[in-house]
*Asks:* 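Structure provided below as structure tokens; questions to follow.
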Amino acid sequence: MKNFLGLLMIALLFISCDVNQKKEGELPEIDVDIDTEAGQLPTFDVDWADVNVGTRTKMVKVPKVVVVMEEIEVEVPYVDVDMPNSGEKEELTLTVEAEVTDHEHTIKINEIIASNETLYVISELKATTQTLGDKKLRVSDRVILNAPDLNVKHIIMGEKPDRVFNDQFKYVKDLGAFKANLKNPRTIFTN
């Protein structure tokens with residue numbers, strides 16, 4: 001389709017111009033003595049199509065999403081981690097979120113597991129019986145962690161909702177199989 005449109009535009013350029021020759025062309029004369037006289041190239045008067053580019057106002061339908069964030073005071077779990085030879089600690093808010101449709105869901109951080117230099121934040125996503133209709137909803141949970149700078153990975157137990165937003169976290173169906181692959185796991189938080 002793009003090739004067709006490109007060819008159509010080129011054809012329109014050639015069709016939309018008017019070319020009138022103003023002078024005849026003349027080839028240079030060459031003498032065997034290598035004396036030459038300058039020739040003359042033909043000249044043309046080209047009238048191109050008049051093209052105007054601008055904008056117009058039209059009514060079109062566009063999607064509109066309204067997100068209202070409000071700040072409220074809630075109790076958030078706080079975990080202070082001291083690791084040997086780890087250096088300074090910093091306070092991080094570990095947040096897990098999921099964007100859901102069809103039914104309301106709950107999401108809860110159940111535990112945090114340390115394995116080597118990685119913290120695994122284990123959450124569970126559950127659907128409720130309350131339907132959403134054609135709306136979507138984001139659910140979240142958070143834990144404040146005071147620990148050395150470590151690699152953090154979020155693991156969510158439950159069915160992954162079919163939304164692009166949810167691609168940032170790993171969803172598993174069998175948490176036991178996931179935990180069996182961890183090397184030297186140590187649970188540092190349970191909820």
Side-chain angles (χ1 to χ4, degrees), residues 1-2 54-191:
M1 184 68 177
K2 286 182 180 178
T55 61
R56 290 191 179 163
T57 304
K58 286 203 166 228
M59 293 297 289
V60 295
K61 289 183 180 182
V62 295
K64 184 175 182 180
V65 177
V66 177
V67 176
V68 177
M69 300 293 287
E70 89 180 32
E71 205 170 293
I72 60 172
E73 193 171 298
V74 296
E75 290 290 320
V76 178
Y78 179 85
V79 180
D80 189 35
V81 178
D82 288 314
M83 295 183 67
N85 304 322
S86 61
E88 290 187 34
K89 298 189 288 185
E90 63 181 285
E91 192 171 283
L92 302 170
T93 301
L94 303 176
T95 303
V96 64
E97 287 184 299
E99 190 171 89
V100 296
T101 56
D102 300 328
H103 287 87
E104 286 186 8
H105 286 65
T106 60
I107 194 164
K108 183 178 177 184
I109 297 174
N110 289 336
E111 63 184 316
I112 299 175
I113 299 173
S115 176
N116 294 331
E117 295 289 318
T118 303
L119 290 179
Y120 294 94
V121 180
I122 311 293
S123 304
E124 185 174 11
L125 180 67
K126 289 184 185 177
T128 67
T129 57
Q130 182 67 39
T131 60
L132 291 172
D134 62 349
K135 297 178 183 173
K136 64 182 176 186
L137 176 70
R138 282 197 188 165
V139 292
S140 66
D141 193 20
R142 59 198 37 82
V143 170
I144 297 174
L145 180 71
N146 190 31
D149 188 22
L150 297 170
N151 187 20
V152 177
K153 293 192 177 189
H154 287 272
I155 308 300
I156 300 176
M157 187 174 66
E159 188 72 29
K160 179 181 174 186
D162 188 25
R163 305 290 300 168
V164 173
F165 177 83
N166 299 313
D167 290 343
Q168 62 185 318
F169 301 120
K170 179 176 180 160
Y171 285 77
V172 297
K173 293 186 190 243
D174 186 358
L175 189 58
F178 173 78
K179 287 181 175 181
N181 291 323
L182 297 178
K183 294 183 179 164
N184 304 320
R186 184 169 159 232
T187 302
I188 59 171
F189 170 78
T190 56
N191 195 2

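Basis for what follows: all heavy atoms, side chains included, without hydrogens, waters or symmetry-related copies. Index from 1, following the sequence.
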*Asks:* Once rounded to the nearest 0.5 Å, what's the spacing between atom CG of Asn181 and atom NZ of Lys179?
*Replies:*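 Taking CG in Asn181 and NZ in Lys179, the distance rounds to 13.0 Å.
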
*Asks:* Can you list every pair that meets ring pair (Phe, Tyr, Trp, His ring centres under 6.0 Å) and has a residue in residues 170-191, with sequence neighbours left out?
*Replies:*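 Pairs touching residues 170-191 that pass the test: Tyr120-Phe178.
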
*Asks:* Only counting residues at least two apart or in another chain, list the ones meeting side-chain contact (heavy atoms from CB on, under 4.5 Å) with Lys183.
*Replies:*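 Testing Lys183 for side-chain contact (heavy atoms from CB on, under 4.5 Å), a comparison that skips the adjacent residues, returns Ser115, Asn116.
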
*Asks:* Look up atom OG1 in Thr187 and atom CD in Glu111, then write down how far apart they are to the nearest 0.5 Å.
*Replies:*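 Going from OG1 on Thr187 over to CD on Glu111, the span is 5.0 Å.
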
*Asks:* Can you measure from CG (Leu150) to NZ (Lys89) and round to the nearest 0.5 angstrom?
*Replies:*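 Spacing of CG (Leu150) from NZ (Lys89) equals 11.5 Å.
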
*Asks:* Which side-chain N or O atoms in residues 92-101 pair as donor and acceptor under 3.5 Å with protein atoms at least two apart or in another chain?
*Replies:*
unit_1	atom_1	unit_2	atom_2	d
Glu99	OE1	Arg163	NE	2.9
Glu99	OE1	Arg163	NH2	3.3
Glu99	OE2	Arg138	NE	2.8
Glu99	OE2	Arg138	NH2	3.1

*Asks:* To the nearest 0.5 Å, how far apart are CD in Glu71 and CD in Glu73?
*Replies:*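 Rounded to the nearest 0.5 Å, the CD-CD separation comes out at 9.5 Å.
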
*Asks:* To the nearest 0.5 Å, what is the distance between CD1 (Ile113) and CG (Leu119)?
*Replies:*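 Reported value, rounded in 0.5 Å steps: 10.0 Å.
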
*Asks:* Please list, chain by chain and in numerical order, all residues satisfying ring pair (Phe, Tyr, Trp, His ring centres under 6.0 Å) with Phe169, sequence neighbours excluded.
*Replies:*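 Phe169: ring pair (Phe, Tyr, Trp, His ring centres under 6.0 Å) contacts with His154.
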
*Asks:* What pairs with Asp102 under side-chain hydrogen bond (donor to acceptor under 3.5 Å, both in side chains), at least two apart in sequence or on another chain?
*Replies:*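 Asp102 satisfies side-chain hydrogen bond (donor to acceptor under 3.5 Å, both in side chains) with no other residue.
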
*Asks:* Would you name the heavy atoms of Asn146 and Glu91 that are closest together and state the gap between them?
*Replies:*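 Between these two residues, the closest heavy atoms are OD1-N, 3.7 Å.
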
*Asks:* Please report the C-alpha distance between Lys108 and Asp141 in whole Å, then the side-chain angles of each, then the deciding distance to 0.1 Å, and finally whether the side-chain contact (heavy atoms from CB on, under 4.5 Å) criterion is met.
*Replies:* CA-CA 6 Å; Lys108 183 178 177 184; Asp141 193 20; 3.9 Å; yes

*Asks:* Can you confirm whether more than 12 heavy atoms, excluding those of Asn151, are under 6.0 Å from its CG atom?
*Replies:*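 Correct, the count exceeds 12.
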
*Asks:* Within a reach of under 6.0 Å around CG of Asp167, are more than 12 heavy atoms found that belong to other residues, nucleotides or ligands?
*Replies:*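 Enclosed: over 12 neighbouring heavy atoms sit under 6.0 Å from CG of Asp167.
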
*Asks:* Name the atoms and distances for all side-chain donor-acceptor pairs under 3.5 Å in residues 122-134, with sequence neighbours left out.
*Replies:*
unit_1	atom_1	unit_2	atom_2	d
Glu124	OE1	Asn110	ND2	3.4
Thr128	OG1	Glu104	O	3.0
Thr128	OG1	Gln130	N	3.4

*Asks:* Which pair of heavy atoms, one from Lys173 and one from Met157, lies closest together, and at what distance?
*Replies:*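 So the two residues come closest at O-CG, 4.4 Å.
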
*Asks:* For a quick test of reading the model, state the closest non-hydrogen atom pair linking Ile155 to Val172 and the distance between them.
*Replies:*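 What the structure gives for the nearest pair is CG2-CG2, 3.7 Å.
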
